[in-house]
Amino acid sequence: MDENPYQLTGPRRAAASSTDSPAKPERLGCLASALLGALVAVIGAYPVAALVAFFYRFPIPFAGYASGFEAVAPTFVAVTKYGAIGGFIVVAALGALAGVLGSYIASAVGVGREGSLYLLACLAVLADLPPVVLLSVLDKIIGHW
């Protein structure tokens, strides 16, 4: 009776279905993206904190704020101490969210597995920036500590 004039029927439908549509690029699973993002974020906290210390300043436990080239080495110890008291949980959670977001963005854009991993890693390291900058300006927010 009422047929859809835009629906393919007959031999044209068979011909259209026999052509291969472009395959979607392989994507990491949600859990794998979250775990990889968390791992990259925890490891990436060290160079991000070193860069913030070099260009601005970073709090070193029992020494105060330090900046410049001489602050880079103590920053690695400071990140380990701040991470041990709960900072790694925050950074890992942000990295997991960034990893899942990066994986979904990469699949929506259509990049392959390598592009997905690259975007995931970039977003996970970028997720380190807010907590590290927050530590470096915490005295301006809550006062001297």
Side-chain angles (χ1 to χ4, degrees), residues 4-9 12-145:
N4 184 354
Y6 300 108
Q7 183 178 3
L8 293 176
T9 58
R12 290 188 336 184
R13 183 177 194 170
S17 65
S18 66
T19 60
D20 292 328
S21 62
K24 286 188 173 182
E26 187 177 338
R27 177 172 80 80
L28 289 174
C30 187
L31 182 62
S33 299
L35 290 175
L36 188 59
L39 179 68
V40 169
V42 167
I43 294 170
Y46 290 95
V48 169
L51 285 172
V52 168
F54 183 74
F55 288 109
Y56 182 57
R57 65 180 186 166
F58 194 77
I60 309 299
F62 307 115
Y65 285 94
S67 63
F69 184 72
E70 62 274 356
V72 172
T75 300
F76 296 125
V77 176
V79 169
T80 303
K81 288 184 179 183
Y82 293 135
I85 62 172
F88 286 146
I89 295 171
V90 173
V91 168
L94 290 173
L97 288 174
V100 171
L101 180 68
S103 177
Y104 281 118
I105 289 173
S107 69
V109 171
V111 297
R113 189 177 187 103
E114 291 81 20
S116 175
L117 290 173
Y118 180 75
L119 182 62
L120 183 149
C122 288
L123 288 178
V125 170
L126 196 61
D128 288 332
L129 203 54
V132 169
V133 170
L134 180 68
L135 271 178
S136 68
V137 297
L138 196 58
D139 67 329
K140 297 184 186 309
I141 297 171
I142 65 169
H144 185 68
W145 53 291

Measure from the side-chain N and O atoms of S116 to the backbone N and O of G112, and report whether any donor-acceptor pair falls under 3.5 Å. no
About how many Å separate OG of S33 and CG of L97, when rounded to the nearest 0.5 Å? 12.0 Å
Tell me, with the steps shown, if V79 and V132 meet side-chain contact (heavy atoms from CB on, under 4.5 Å). CA-CA 9 Å; V79 169; V132 169; over 6 Å; no
Could you list all the salt bridge (charged side-chain N to carboxylate O under 4.0 Å, His left out) pairs where at least one residue sits in residues 116-128, not counting sequence neighbours? none
Within-4.5 Å side-chain heavy-atom neighbours: L119 and I105: yes
Value for CG (L126) from CG (L94), rounded to nearest 0.5 Å, stands at 11.0 Å
Side-chain donor/acceptor pairs under 3.5 Å, residues 37-64, sequence neighbours excluded:
from: Y46; atom 1: OH; to: T80; atom 2: OG1; distance (Å): 3.0
from: R57; atom 1: NE; to: S136; atom 2: O; distance (Å): 3.1
from: R57; atom 1: NH2; to: S136; atom 2: O; distance (Å): 3.2
from: R57; atom 1: NH2; to: D139; atom 2: OD1; distance (Å): 2.6
from: R57; atom 1: NH2; to: D139; atom 2: OD2; distance (Å): 3.3

How long is the gap from OH on Y65 to CG on L135, to the nearest 0.5 Å? 7.5 Å
To the nearest 0.5 angstrom, please state how far the CZ atom of R113 sits from the OG atom of S107. 12.5 Å
More than 12 foreign heavy atoms under 6.0 Å from CG of L134: is that the case here? yes
